[in-house]
Visitor: 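Take this structure first; my questions come after.
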Amino acid sequence: MPSAKILAQKQAATEVLTEKVKNAAAGVLVNYTGITVEQDTALRTALRNAGVDYHVYKNTMTGRACEAAGYGEMKQYLNGMNAFAVSATDPVAPAKILKEYADKIETFTLVAGFVDGKVIDAKQVEALASTPSKEVLLGRLLGSLQAPIYSLARVLTAVSEKDGEPVPAAE
């Protein structure tokens with residue numbers, strides 16, 4: 001039977017994980033079977049650089065934390081050797097980075113995740129991973145907003161240079 005000190009440590013660790021999950025923009029659960037130390041090191045570095053918290057927790061601890069955070073459905077996916085990636089700010093980063101590794105390593109698989117208050121399955125995690133980053137989406141939006149202005153400017157320039165003579169400015 002575990003001592004009171006060990007039990008208190010486990011409860012504290014579960015509470016920390018619960019807070020991470022509650023405050024997260026998204027999280028992804030992966031089965032990390034078959035990943036080499038070299039691949040794992042590169043994966044952890046990529047996730048850390050993206051601001052994603054990635055750890056291996058006991059499935060019971062992950063289940064308790066997810067349930068306390070309102071993601072009780074995640075418990076059905078907690079079988080085998082799992083690792084949990086949680087991002088406080090970027091809802092796409094964990095899925096995107098982990099999918100990249102799942103594509104390279106046959107035994108490393110996406111299991112499930114959560115985003116926008118909902119638990120999602122592996123297929124939905126893959127769909128989330130294909131979502132462009134916030135920066136790309138903002139760039140596309142700005143391009144869309146600027147396109148009509150540039151088109152108007154080109155038309156006005158073409159009209160003003162018609163027949164090789166600039167149109168005189170209005171006085």
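Reckoned from all heavy atoms, side chains included, excluding hydrogens, waters and symmetry mates.
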Visitor: Can you tell if the side chain of Lys20 reaches within under 4.5 Å of the side chain of Asp53, non-hydrogen atoms only?
Guide: yes
Visitor: To the closest 0.5 Å, what do you measure between CD (Glu15) and CE (Met61)?
Guide: 10.0 Å
Visitor: Rounded to the nearest 0.5 Å, what separation is found between the CZ atom of Arg64 and the NZ atom of Lys10?
Guide: 8.5 Å
Visitor: Does Leu47 belong to the same Ile/Leu/Val/Met/Phe/Trp/Tyr cluster as Tyr57, with side-chain heavy atoms less than 4.5 Å apart forming each link?
Guide: no
Visitor: Under 4.5 Å between any side-chain heavy atoms of Pro94 and Tyr54, yes or no?
Guide: no
Visitor: Below 4.5 Å, heavy atoms only, C-beta onward: do Val21 and Phe84 meet side chain to side chain?
Guide: yes
Visitor: Any side-chain heavy-atom pair from Thr18 and Lys22 closer than 4.5 angstrom?
Guide: yes
Visitor: Going from CG on Leu110 to OH on Tyr77, what distance comes out if it is rounded to the nearest 0.5 angstrom?
Guide: 12.5 Å
Visitor: If you group Ile, Leu, Val, Met, Phe, Trp and Tyr by side-chain heavy-atom gaps below 4.5 Å, do Val30 and Met81 land in one group?
Guide: yes
Visitor: Run the ring-centre check on Tyr32 versus Phe108 and record whether the distance is less than 6.0 Å.
Guide: no
Visitor: What is the minimum heavy-atom distance between Ser87 and Val52, and which atoms define it?
Guide: CB-CG2, 4.0 Å
Visitor: Keeping Asp121 on the side-chain end and Lys123 on the backbone end, is there a donor-acceptor pair under 3.5 Å?
Guide: yes
Visitor: Under 4.5 Å between side-chain heavy atoms, hopping through other hydrophobics if needed: is there a path connecting Ile97 to Leu128?
Guide: yes
Visitor: Spell out, as yes or no, whether a donor-acceptor pair under 3.5 Å connects the side chain of Thr33 to the backbone of Thr107.
Guide: no
Visitor: Kindly compute the distance separating OG (Ser3) from CD (Gln9), expressed to the nearest 0.5 Å.
Guide: 7.5 Å
Visitor: Taking a hydrophobic cluster as the set of Ile, Leu, Val, Met, Phe, Trp and Tyr residues connected by side-chain heavy atoms closer than 4.5 Å, whether directly or through intermediates, do Val56 and Leu98 fall within one such cluster?
Guide: yes
Visitor: Scan residues 73-86 for pairs that pass salt bridge (Lys or Arg N to Asp or Glu O under 4.0 Å), counting only residues two or more places apart or in two chains.
Guide: Glu67-Lys75
Visitor: Same cluster or not: Leu17 versus Phe114, using hydrophobic residues (I, L, V, M, F, W, Y) connected whenever any side-chain heavy atoms lie under 4.5 Å apart?
Guide: yes
Visitor: At what distance, to the nearest 0.5 angstrom, does CG of Leu43 lie from CD1 of Ile35?
Guide: 5.0 Å
Visitor: The test is side chain to side chain contact (heavy atoms under 4.5 Å, CB included); show your working for Thr62 and Met74 and say whether it passes.
Guide: CA-CA 9 Å; Thr62 303; Met74 287 288 286; 5.9 Å; no
Visitor: Can you establish whether the number of heavy atoms outside Asn49 located under 6.0 Å from its atom CG is more than 12?
Guide: yes
Visitor: Just so I know, are the side chains of Val125 and Lys99 near enough to count as touching, which here means a heavy-atom distance under 4.5 Å?
Guide: no
Visitor: Are Asn82 and Asn59 linked by a side-chain donor-acceptor pair shorter than 3.5 Å?
Guide: yes
Visitor: Taking atom NZ as the centre, does Lys58 end up with more than 12 heavy-atom neighbours from other residues, nucleotides or ligands that are less than 6.0 angstrom away?
Guide: no
Visitor: Thinking salt bridges, do Glu100 and Lys96 make one under a 4.0 Å N-O criterion?
Guide: no
Visitor: Out of curiosity, Arg154 CZ to Thr157 OG1, how far, rounded to the nearest 0.5 Å?
Guide: 9.5 Å
Visitor: So which atom in Val115 and which in Ala25 form the shortest heavy-atom distance, rounded to 0.1 Å?
Guide: CG2-O, 3.7 Å
Visitor: Without hydrogens or angle criteria, can the side chains of Gln39 and Thr36 be said to hold a donor-acceptor pair below 3.5 Å?
Guide: yes
